[in-house]
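Only one structure is covered here, and it is reproduced in the block below.
None of the values given here were measured: they were computed from a predicted structure. Naming: A, B, ... by sequence-line order, numbering from 1 per chain.
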Amino acid sequence: MEIKIFNSLTDKVETFVPLRPHEVSIYVCGPTVYNNPHVGNLRPVVVFDVLRRLFTYLGYKVRFVSNYTDVDDKIINRAISENVSEEEISRRYIKSFNEVVNAVNALRADVAPKVTEHIPDIIRYIEVLLENNAAYVVDGDVYFRVASIANYGELSNINIDDLISGARVEENSKKESPLDFVLWKKTTLGINWESRWSKGRPGWHTECCVMINSLFPDGKIDIHGGGFDLKFPHHENEIAQSKAHNGNSIATYWMHNGFINFGEDKMSKSLGNVILAKDVIDRFGGNVIRLVLLGTYYRSPLTFSSEVMAAAKVEFEKIENSYRQLAVALQLDNVSLNDENKPDIEIFLHHLASDLNTPNAITELFAIIKKANGALRQKPLDYLVLKKIFLEIKAMLNILGLKVDYPLLNTEDKKIFADYLKRKADKNFAESDRLRQILMAKRIL
RNA sequence: GGUUCCUUAGCCAAGUGGUAAGGCAAUUGACUGCAACUCAAUGAGCGUCGGUUCAACUCCGAUAGGAACCUCCA
């Protein structure tokens, strides 16, 4: 199946062509681990998780890397204010981040590198940039020379002259141009390392380049993802560095997810008063937040509110009920829940392959759910149809990363169910209600 | 100041140059021993103004409102 992706680099929907046949390499900028993740942090996690699952389902060998930025001013400031090490801060919030990733049922990255594990690589990388005359040293700082590469601004569609004229008054006059950015920052405040330029630490923009360079052949990947805000300057600078270092622009396709707006909870938007991912997950569960995040096209802004969450909760329960009833019905008739054949979910896949149109894919899921509910009320039940639908829904849920459980019935369960039906038929409602309670407690009914 | 983007029914949200998917909520009805689940029916002409076109919600321009980036926030 042909996969279409909106490439932020060209601002066009393009047909995906991998660097290597049947393989896809994806790198998503991960979190700066200085705080507990908020709802906004979940969006790239979920969006790129679905992208990854789609590629996997379509038979690609996927290599998915997402980093932790564990060297950063905010981490250092936090470490200082709490009087603990940066490592302690990072460890705490990496843990917090992964708890959230697990809670929304996102697959863990194949590799999740940390900046602190790549310092020698970073230093070597900067050396090459210096050798290539794309960087310069001033008083122990190293800067990237933006003027050394062609087409700076191509990703964000920014004209260099506009940028310069719009640039704020630079306090740092050491740079040749206000657009130049720090590769290595001389400092003894907070965590730092020795280099031949100074004691200091790497700039933010270099780490992703270095990790991609270290972890992927030729330092080039198929898809680079991240939040919209990273487009400029972060991703623009990655392209610039990679051009100067490897002569390539680091990624073929760039994908940027939109931001989350807060509807009625607007008061929470002000800084320091964001909605923590954990709080939402505790209240609604990972599946519901996932459904909300996938209910809007990934490039569009998403409105988040308790009303939206409540609606998604109802929707998810619908999915859950139907899927569970299918599984129970099939088991009661001793039909196997497994099948070697690939289910026919072409329309669903088509939507996802159309630049990850998850809203339309979900619409397709609801269409099948409706079909399932109809089939479940047919008498007699058509088990071939039920099984076909069950397997289709199962595949869809899997690709969307929705985790829906169903009970596995043992012989006793089946006996209780048969008794329940019999008592009900005999109009022994007291007894049938009692059995119904048992079945409901086991989530069979 | 520079750049980019958004505006579709009460709410969320797809979509296409040829007369608007889906979901939630609401109303009505059906099923049912009761309950849960479920099913069916009902609503907008796409911010405003103008232009291009046989035809625009979809293209162009203007205007109003909102947002993002240019300041190491997903």
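- Within the nucleic acid shown, N360(A) comes within 4.0 Å of at least one base atom, counting heavy atoms only.
- Taking the P atoms as reference points, U52(B) lies 29 Å from G15(B), given to the whole Å.
- Checked by distance alone, H256(A) brings no side-chain donor or acceptor within 3.5 Å of a matching partner on the base of A74(B).
- With distances taken from any side-chain atom of R436(A) to the nucleotides C24(B), G33(B), C12(B), the minimum falls on G33(B).
- Mapping E315(A) and M440(A) onto RNA chain B via the closest heavy atom, the residue that lands nearer the 5' end is E315(A).
- Under the Watson-Crick or G-U wobble criterion, with both distances below 3.5 Å, G1(B) is paired with C70(B).
- Dashed line: the shortest gap from a side-chain N or O of N357(A) to OP1 or OP2 of G15(B) is under 4.0 Å.
- Among the heavy atoms of the strands lying under 4.0 Å from L230(A) are primed sugar atoms or P, OP1, OP2 only; no base atom is included.
- At the heavy-atom level, S432(A) lies under 4.0 Å from base atoms of the strands shown.
- The nearest whole Å value for the distance from the CZ atom in R299(A) to the C1' atom in A68(B) is 15 Å.
- With a 3.5 Å ceiling on both atom-pair distances, C34(B) lacks any Watson-Crick or G-U wobble partner.
- Closest approach to the K370(A) side chain among A40(B), A14(B), C70(B) is made by A40(B) (side chain taken as heavy atoms from C-beta onward).
- Taking the P atoms as reference points, A20(B) lies 41 Å from G1(B), given to the whole Å.
- Side-chain polar atoms of T303(A) and N261(A) form no donor-acceptor pair below 3.5 angstrom.
- One finds no side-chain N or O of K231(A) lying less than 4.0 angstrom from the OP1 or OP2 phosphate oxygen of C70(B).
- Residue R377(A) is in base contact, counting any heavy-atom pair closer than 4.0 Å across all strands shown.
- Rounded to a whole angstrom, the distance from the P atom of U19(B) to that of G61(B) is 26 Å.
- Residue contacts for Y297(A): at a heavy-atom cut-off of 4.0 Å it reaches the sugar-phosphate backbone alone, with no base atom in range.
- When each of G40(A) and S322(A) is assigned the nucleotide of RNA chain B bearing its nearest heavy atom, the one mapping closer to the 5' terminus is S322(A).
- Put simply, CZ on R324(A) and CG on L445(A) are 8.5 Å apart, with the number rounded to the nearest 0.5 Å.
- OP1 or OP2 of U38(B) has not a single side-chain nitrogen or oxygen of N373(A) nearer than 4.0 Å.
- Side-chain polar atoms of Y34(A) and N77(A) form no donor-acceptor pair below 3.5 angstrom.
- Under 4.0 Å is where a charged nitrogen must lie from a carboxylate oxygen, and between R92(A) and E82(A) at least one such pair does.
- As the counterpart of U7(B), A64(B) is assigned, both hydrogen-bonding distances of the Watson-Crick or G-U wobble pattern falling under 3.5 Å.
- In the model, E238(A) has no side-chain atom that pairs as donor or acceptor with a side-chain atom of S242(A) under 3.5 Å.
- For K185(A), the side-chain atoms get nearest to C72(B) when compared with the rest of G23(B), C72(B), G33(B).
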### Task
Indicate for each nucleotide in nucleotides 5-10 of chain B, in 5' to 3' sequence, whether protein heavy atoms under 4.0 Å reach the base (B), only the sugar-phosphate (S), or nothing (-).
------

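- The same atom, C1', is picked in U42(B) and in U7(B); the two are 27 Å apart, to the nearest Å.
- For A55(B), there is no paired base (Watson-Crick or G-U wobble, both distances below 3.5 Å).
- Nucleotides C11(B) and A26(B) are separated by 15 Å at their P atoms, to the nearest Å.
- Across A44(B) and U8(B), the matching C1' atoms stand 8 Å from one another, rounded to whole Å.
- In terms of phosphate contacts, K424(A) brings no side-chain nitrogen or oxygen within less than 4.0 Å of OP1 or OP2 of U32(B).
- Stacking here means ring centres nearer than 5.5 Å and ring planes tilted less than 30 degrees, and by that measure F366(A) does not stack onto G22(B).
- For S66(A), no side-chain nitrogen or oxygen approaches OP1 or OP2 of A74(B) to under 4.0 Å.
- Side chains of Y383(A) and L330(A) form a contact here, defined as non-hydrogen atoms less than 4.5 Å apart.
- Looking only at distances, a side-chain donor or acceptor of R43(A) sits under 3.5 Å from a matching main-chain atom of F259(A).
- Shown here, U19(B) forms no base pair; nothing in the strands shown gives a Watson-Crick or G-U wobble contact with both key distances under 3.5 Å.
- Remark: the S25(A) side chain and the D222(A) side chain contain an N/O donor-acceptor pair separated by less than 3.5 Å.
- Aromatic stacking is marked for F259(A) over A74(B), as both cut-offs hold: 5.5 Å for the centres and 30° for the planes.
- For the pair Y298(A)/D355(A), a side-chain contact is recorded, criterion being any heavy-atom separation below 4.5 Å from C-beta on.
- Base pairing analysis places G29(B) opposite C39(B); the two distances defining the Watson-Crick or G-U wobble pair are each below 3.5 Å.
- Taking atom P in both C6(B) and G10(B), the straight-line distance is 23 Å, to the nearest Å.
- Not a single donor-acceptor contact under 3.5 angstrom links the side-chain atoms of N428(A) to the base of G33(B).
- Considering only side-chain N and O atoms, S305(A) lies nowhere under 4.0 angstrom from the phosphate OP1 or OP2 of C11(B).
- Pairing for G45(B) is absent, with no Watson-Crick or G-U wobble pair whose two atom distances lie under 3.5 Å.
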With a cut-off of 3.5 Å and sequence neighbours excluded, list every side-chain donor-acceptor pair involving residues 416-423 of chain A.
from	atom 1	to	atom 2	distance (Å)
D419(A)	OD2	K415(A)	NZ	3.2
K422(A)	NZ	D426(A)	OD2	3.1

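- Look at G10(B): its glycosidic torsion is beyond 90° from 0, and that puts it in the anti range.
- For the C1' atoms, the distance linking A21(B) with C57(B) amounts to 15 Å, nearest Å.
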